[in-house]
Amino acid sequence: MKQYVVTRPLYSEDAFADEHEKIHRHHKTLRHHVKQYFTCDLKRAKNAALSLLPFIGWMRIYQLKEWLLSDIVSGVSTGLVAVLQGLAYSLLASLPPWYGLFTAFFPVIVYFFLGTSRHISVGAFPVLSLMVGAVVTRLVPDEGPPVNITGFEGLTIDEQRVMVAASVTFLMGIMQLAMGLLQVGFIVMYLSDTLVSGFTTAAAVHILVSQLKFVLGLVVPGLSGPLSITLEKIFVQIEKTNVCDLVTSILIMVVVFIVKEINDRYKAKLPVPIPIEVIMTVIACGVSYAFNFRVNYKVDVVGRIPSPMGPNMQIFGQTAVEAFPMAIVGFAVAFSVAKVYSVKHDYIIDGNQELIAFGASNIIGAAFKSFAASTALSRSAVQESTGGKTQIAGLLSALIVMVVTLAIGFLLEPLPKSVLGAVVIVNLKGMLMQIREVPYLWRRDRPDCVVWVVTCLASILLGLDLGLAVGLGIELLTVVFRAQWCVYTWPLFYCLYISFQIYEPEGVKIFRIPSPIFFANIDFFRGKLVEAVGFNPLRVLRKRNKALRTIRKLLKKGELQMTSKGLLLISSGPIEESEDESNMEELDQPTDFKDLPVQVNWNSELPANIHVPRVDVHSLILDFSAVSFLDISALKGLKAALKELIRVEVEVYIVACDAYILKKLHSCMFFDDEVKSSMFFLTLHDAMLHILEKHPVDSENTKVCEKV
C-alpha cells in the first residue's frame, strides 16, 4: 500500500493568516449592478431585441433545403393531433369541444414569435384543462344558479362557462407575463421532479373520473373544490349507461392502446408514429354520421362550431386564487418539456422569456375565447419525432387547426363525445404509471417518497390547487429537516495535511460544493460546473461523435487514408462535417473507435477541416466536504453530469464524501460501468497525489486555484 508523510508547522487561524497572503475575490457593488442594468448601447439594444423576439435568431440560421420539408411533415402531423386533443381536452375544462381548437391556434401564433423553444407544441394540457374546469364548474355549476356576475346576463350556460374560462386564462396570462418581466423564472426550480410526478399522477386520477360520464354516456354534474373525487353520482346512474357510447369507447381504447404500444416498440423502424387517434376519430365520425348516433342512440356529439368572444374583467376577483397555481403549473410543465428538447438539440432556452411568451399567448388567446395553454408531452413528442426543427412546424400545425375550424369542421359535428373521452383516458397511461416510482423512492429516499405520496393524496382529496400548495409545503419542510437533522459522524482518522494555498496542476480543476445538493440547486450546480471546467461536455461529446461519423464516411469512400502520421485526406474538394441528426441519442453515447484503424487524438489537428472543441482538462476533483445530503433529483443530475465528463475523457474524483452519502449512492444503484466507486478518495490530497502519479507535471505549470 502506498503511503505519504507530510510535515508542517502547527497553525492557528491568526498565525496562518499572518504568514500567508489571502486571496481576495472582488465583488461588484449594488451600484455597479444597477448602473450596468440601466446602461444602453447599440449592442445591448440588439441583444434585447433578439431576446424579446427569439424567432429572429433561429430564422437567421434557418436551413431552407434541409429543414423546410421536415417542418412541413411535422406541422401536418402535429396539427392533426392538436385538433383531436383540442376537442378532447375541452371536455376536461367543462367547455363545448370546439373551444379547444381556439387554444390550439391563437397561443401557437403568439408563441412562434416570443418563445425560445423550437420543439414544444403549444396548446391544451390535460392537467391545466382540468384546473380550468374546476373554476368553471364552481362559478357556473350544472345544478343551481351561477355566481352573480353582470356579464352573465342574457348568456346560455355554455357561453357563461366559456367566459369564465377565458377570464381565468387572461388573468393567468397577466401573472405569467408579470413574472417574466420581473425575471422570476427561477421559481420553477422549487417544483422538484418528485412533487411534479405526484401532482400529475393525482391529476390523472381526476381526469380519469371526469371522463367516465362521457364514456358511459351519463349526464353527471361537474364537481369542483375539496373532496371532488367521488363516483357516487356515476354509480347511482349506472343503469342508465348508454350502451352505444360504452361499446364505442371500449373499442376505441383497445385499438388505440394496442397501436400506441406498437408505435413505442417499433419507433426506430417507423418513419412517423401511426396517428391512430386521428384514424379512429375519422372512422368513428363516419360511422356516427352513417347510423345517426345522435338521434337513433341518443349519443352526445360535438355539435356546431361557436364564435370566439372576449373575457369579462368582473370575473378576475372570483378566480385570482386559482389563476396563480395555474400560471405556475402551466409554466413548469412547458419549461421542463422545453428543457428536455433544448438539451437534446443543443440550444439555449430562457425561463424568463418563456414566461413572457406563455403570458402573452394566454392573454391574446383569452381575448378570442381560448382557454389556458401550455404544452402536452405527447403532442410535443409528435412534433419532434416527426422531424420538426423549428416553430415553423408549430405555425403549420396552427394553420391545420384553422383549416379544420373554418373549412371542414362541419364534418366533425357527428363525432361522439365518448370517443374524445376514450382518447383522453388512453393517453393517461404515462401519468398513471408514475405510481411505480413509490416503491423505488421508499427504498432509496424516504423523504422524497413522503413528498410524492402527500402531494398525490392531497391533490386527489383536496383538489389540484390546494394539493399543489400542500406538496410544496411538505417539500420545503423536508429540506429544512434534512439540513437540521442531518447525519453526524465522528471521523476515524484526521488528515494532517492542509495546503497553504490550493494549486491546480496543468489539466486539473478543483471544484468545491459549499452546500447540500437537492432539487432546487442541482441545475445551478451543473451550470457552475460547466463554467468551472470551461467547456460544455455534452456539446463536446456530440461534436466528437459527429466528427467520427464524417471520418467513417470518408474512410468508406476512400477519401481518407491511414499513414504513419495518422489519417491523411486524399480528396481535395470541400468536405463538410456531418450534420445528420436523425438519431440524436447516438451522439450522446461514448465515442466508439472499434471500427477505425486508429484512435483519434481530439487535441491534435483533425483531417478534412473537422473542428472539435479542445479539452485541456484531464482531471476534475469535486470536494464534497460540505455536502450533507443529496435527494433523488440531485442523484440523477449528478450522475448525468459525471457521465458527460467521463465520456469526453475527463477523469472525475470525488473527495471528502460523507459515509452516509456514500452508503446512499450504493443503495440507489448510482454506480455502473462508467460511474465507478473507485473515483471516491478520502481527502483532496489523496486524489491529487493519485492524479500527479498518472499525469506528472512540472511545478512551474501549476497555478493558484480561484474559489468557484
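All values below were derived from every heavy atom in this structure, side-chain atoms included, with hydrogens, water molecules and symmetry-related copies excluded. Numbering starts at 1 and runs along the sequence shown.
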Can you run down the ring pair (Phe, Tyr, Trp, His ring centres under 6.0 Å) pairs that involve residues 175-198, sequence neighbours left out, and say none if there aren't any?
-> none
Pairwise ring pair (Phe, Tyr, Trp, His ring centres under 6.0 Å) hits with a residue in residues 432-455, at least two apart = none
Under the side chain to side chain contact (heavy atoms under 4.5 Å, CB included) rule, collect the residues that match up with N242, sequence neighbours excluded.
-> C244, D245, K298, V299
Using 30° and 60° as the class limits, which term best fits the ring planes of F358 and Y111: parallel, tilted or perpendicular?
-> tilted
Is it the case that more than 12 heavy atoms not belonging to D672 sit under 6.0 Å from its CG atom?
-> yes
Between H666 and S677, is there a donor-acceptor pair closer than 3.5 Å when you use the side chain of the first and the backbone of the second?
-> no
Do T201 and E437 have a side chain donor and acceptor closer than 3.5 Å?
-> no
Do other residues, nucleotides or ligands put more than 12 heavy atoms under 6.0 Å from F624 CZ?
-> yes
With a cut-off of 6.0 Å (strictly less than), are more than 12 heavy atoms of other residues, nucleotides or ligands near CG of L432?
-> yes
Output side-chain donor-acceptor pairs under 3.5 Å for residues 254-262, partner residues at least two apart or in another chain, one line each.
| unit_1 | atom_1 | unit_2 | atom_2 | d |
| --- | --- | --- | --- | --- |
| K260 | NZ | E277 | OE2 | 3.1 |
| K260 | NZ | N427 | OD1 | 3.4 |
| E261 | OE2 | K429 | NZ | 2.4 |

Would you check, one step at a time, whether the test side-chain hydrogen bond (donor to acceptor under 3.5 Å, both in side chains) holds for S633 with S192?
-> CA-CA 7 Å; S633 298; S192 69; 5.0 Å; no
For F331, all residues meeting ring pair (Phe, Tyr, Trp, His ring centres under 6.0 Å), sequence neighbours excluded | F335
Geometric class of the H345/Y341 ring pair [parallel <30°, tilted 30-60°, perpendicular >60°] | tilted
Listed once per pair and sorted, the ring pair (Phe, Tyr, Trp, His ring centres under 6.0 Å) pairs that draw on residues 158-177, sequence neighbours left out = F170-F316
Between K639 and V675, is there a donor-acceptor pair closer than 3.5 Å when you use the side chain of the first and the backbone of the second?
-> no
Examine distances only and state if a side-chain atom of N362 and a backbone atom of M172 form a donor-acceptor pair shorter than 3.5 Å.
-> no
Closest heavy-atom pair, S197 versus Q434, reported as atoms and distance to 0.1 Å, is O-NE2, 3.2 Å
